Amino acid sequence: MAFGGVAMVLGVLLGIGEASSPGSYTNVQFTWLKLAPSPGPFPSGFELVMGTLVDPISALVLVVVTVVGFLVLLYSIGYMHHDRGLPRYYAELSLFLAAMSGLVISNNLLEFFLFWELVGLCSYLLIGFYYEKPSAASAAKEAFLVTRVGDVMFLLGIFLFFFVYATKGPAGTGGWAASGFVFVHGAAPFVPVGTGNATLLTIAGIMILGGAAGKSAQFPLHVWLPDAMEGPTTVSALIHAATMVAAGVYLLAVTSLFLGFTALDQTVIVAIGGFTAFFAATMALVHPDIKRVIAYSTVSQLGYMVLAVGAGFTMVGLFHLFTHAFFKALLFLAAGSVIHAVGTQDLFKMGGLRKKMRLTSAAFAIGGLALAGIPPFAGFWSKDDILSSVYSTLPSHPAYWPAFLLAFAAVFLTAYYIFRAWFLAFSGDKPRDPALEHAHEGPWVMAVPLVVLSAVAIGGGLLVYLPGFAGLLLHGGGTPGIPPTLSPTDLLLSTASVLLAVGGILLAWRLWGNGRVAPLPSSSAVRSVRQVLLARYGMKAAYDWIGTKGVYTLARGADFFDRFVIDGTVHGFERTFGGLSDRLRRIQTGVVSDYASYVVAGLIAVFALMLLLAPYLLSRLGGA
């Protein structure tokens, strides 16, 4: 599957069209359900289709899913060899990859949603893989329930888009893609016609954003992703790099390109993306768990992608999804190698591992440099393109300024927290916990994926110089085959961004380098801020309170109403008319002829009543 994906994506990307009108590579479909013309909102009828679509957009994501999935499966041979649940693990992981692949190549929203739900099911199964642990079972349920909130919103958005497009069509022309929700290439996004359509489309866009926020862990539905670290590290790598969280951004991308967002929707998406990029980065600053630091990083980087899509630079956001997938998988698998060697995720027990695990140390550093946006690593190209693209819209969209500034500030935080983790884990002379002296590299099946992902994390950003790729990704336009050019403003922004990242790395080295552990500040204000960050700003506790207190209280109220109002009323009738109901029950003999006589008697009674009332009714009608 992986090698086929590589061949497919290279073939598509080398012959790519412009981003504003992506050309179809292959589109195969069949009618699943057809409704004949009839009076009502769909006088011409409509049909629902199933099909597959592979175009430059889906090919880009498909290669991420297949290649990263293949490397994770290879890595799992060494990482999971001791686990007794291997048959279940590989079955669930394979289903996960198949579901994500089906989602990516779906050519309509209905089919997209079916695979979307299957992805959610697989994430539940894999996050709770160690279901014997209460914390793992709880994390799986949390992920399932939080993402269900987004899924309900997504489904409502599908219904609203269906109503508008199937009844009005693009620009009110009536009917759209046989009302089948097909992603039509070359079709311009919907242009709202009238206040009613604009309002419905705005609500539909917000609902789609809710679905994406659930899957891609955007504020305020981000709380499940850090707890998803209860699953195996290989599962974390897959969820954070190539499957579940990528699905939300991909949903926003295809909606933006093929259906369109209103201006208000775009402003809300930009605000959510920019805020999440900064908000999640702050929580990664102080966390002692190596996997959770990388998890918060994922939430933050997804915010950058959402920011780009909301600002109208969909392909720029997808380029960051592409590069991020590889260096984030690299970070998680390097962290997994550390955990496999030392048996703990606590950064403050580690230290000095660089001498014992040189390959893992180098791989984590490469992933960290790519995440921090240091040139020429892959993250530099995609992250800086997002910042410069959004900056170019600020004169015409001043409402984007807060989100842009937050995303820009997150550059410094990102570099600091990822290299804080590197210095705590790998620098120094020896581990802070003597029990970790036995650390060593894993087998070759764990080393090969680290090498391959390191190579892509170093050179993956240079894809912008491939013929055709540049025109697609750099600011979402341009001429295919011509290398990207940077304006003085772009160079200035990139310089500022790199300086911020270098400053973050230097601060991390000053506090944590050479095996140092920065003492906890004596300031009560700083300690309070640290506690707030470790407590996730209290949002996890607030959601738990809503579940355990709010929902439980509502459930108890509903139970009281059911027991004492509804059941009380029924029991009251039973006590009052118990004898009558008992006598009526006895006429249920099961003999068909008896029932036929009852029907005839009832008809006679109805006719007799009509004859008795006829004079009265006629007199009333005559008087009227």
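The shown structure was predicted, so the numbers you read here are calculated from the model rather than taken from an experiment. Position 1 is the first residue of the sequence, and the numbers go up from there.
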Considering non-hydrogen atoms only, spot the tightest contact between [X] and [Y] and give its length.
{"X": "Glu111", "Y": "Asn107", "value": "OE1-OD1, 3.8 Å"}
{"X": "Asp265", "Y": "Gly205", "value": "OD2-CA, 3.4 Å"}
{"X": "Gly69", "Y": "Leu238", "value": "CA-CD1, 3.9 Å"}
{"X": "Ala212", "Y": "Leu251", "value": "N-CD2, 4.1 Å"}
{"X": "Val68", "Y": "Ala329", "value": "CG1-CB, 4.0 Å"}
{"X": "Val72", "Y": "Thr234", "value": "CG1-O, 3.6 Å"}

query = Who passes ring pair (Phe, Tyr, Trp, His ring centres under 6.0 Å) against Tyr250, sequence neighbours left out?
reply =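 Per chain and number, Tyr250 pairs via ring pair (Phe, Tyr, Trp, His ring centres under 6.0 Å) with no residue.
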Can any side-chain N or O of [X] pair as donor or acceptor with the backbone N or O of [Y] at less than 3.5 Å?
{"X": "Thr233", "Y": "Gly336", "answer": "no"}
{"X": "Ser236", "Y": "Met229", "answer": "no"}
{"X": "His240", "Y": "Ala237", "answer": "no"}
{"X": "Ser216", "Y": "Ala213", "answer": "no"}
{"X": "Lys215", "Y": "Ala247", "answer": "no"}
{"X": "Ser256", "Y": "Leu252", "answer": "no"}
{"X": "Tyr75", "Y": "Leu333", "answer": "yes"}
{"X": "Trp116", "Y": "Phe154", "answer": "no"}
{"X": "Arg536", "Y": "Met283", "answer": "no"}

task = Return yes when atom OH of Tyr90 has more than 12 non-hydrogen atoms of other residues, nucleotides or ligands closer than 6.0 Å, and no otherwise.
result =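 For Tyr90, atom OH is crowded (more than 12 foreign heavy atoms under 6.0 Å).
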ask   = Are Glu230 and Lys141 within salt-bridge range, i.e. N to O under 4.0 Å?
value =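 Looking at Lys141 together with Glu230, the answer is no, because their closest N to O distance does not fall below 4.0 Å.
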Please list, one pair per line, the donor and acceptor atoms closer than 3.5 Å that link side chains of residues 553-565 to other protein atoms, with sequence neighbours excluded.
unit_1 : atom_1 : unit_2 : atom_2 : d
Thr553 : OG1    : Lys549 : O      : 2.5
Asp559 : OD1    : Arg563 : NE     : 3.0
Asp559 : OD2    : Arg563 : NE     : 2.8

request  = Quick one: do Phe279 and His222 satisfy ring-ring contact (aromatic ring centres under 6.0 Å, His included)? Show the steps, please.
outcome  = CA-CA 10 Å; Phe279 176 75; His222 63 281; 5.1 Å; yes
Result of checking Leu97, Val104, Val64 against Thr243 for side chain to side chain contact (heavy atoms under 4.5 Å, CB included) =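 Of all the options given, the one that passes is Leu97.
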key: Passing candidate, side chain to side chain contact (heavy atoms under 4.5 Å, CB included) with Gln218, options Val249, Thr276, Ile269, Leu225   =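 Single side chain to side chain contact (heavy atoms under 4.5 Å, CB included) partner of Gln218 among Val249, Thr276, Ile269, Leu225: Thr276.
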ask   = About how many Å separate CG of Leu62 and CE of Met100, when rounded to the nearest 0.5 Å?
value =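 Reported value, rounded in 0.5 Å steps: 9.5 Å.
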request  = Would you check if Leu103 and Phe112 make a side-chain contact, meaning some heavy-atom pair closer than 4.5 Å?
outcome  =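 Counting from C-beta outward, Leu103 and Phe112 do come under 4.5 Å.
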query = When the ring planes of Tyr595 and Tyr598 are compared, do they come out parallel, tilted or perpendicular, using 30° and 60° as the limits?
reply =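 Because their plane-to-plane angle lies in the 30° to 60° range, the rings of Tyr595 and Tyr598 count as tilted.
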ask   = Going by the ring-ring contact (aromatic ring centres under 6.0 Å, His included) test, which pairs reach into residues 124-149, not counting sequence neighbours?
value =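 Of all non-adjacent pairs touching residues 124-149, those that pass ring-ring contact (aromatic ring centres under 6.0 Å, His included) are Tyr89-Phe129, Tyr124-Phe144.
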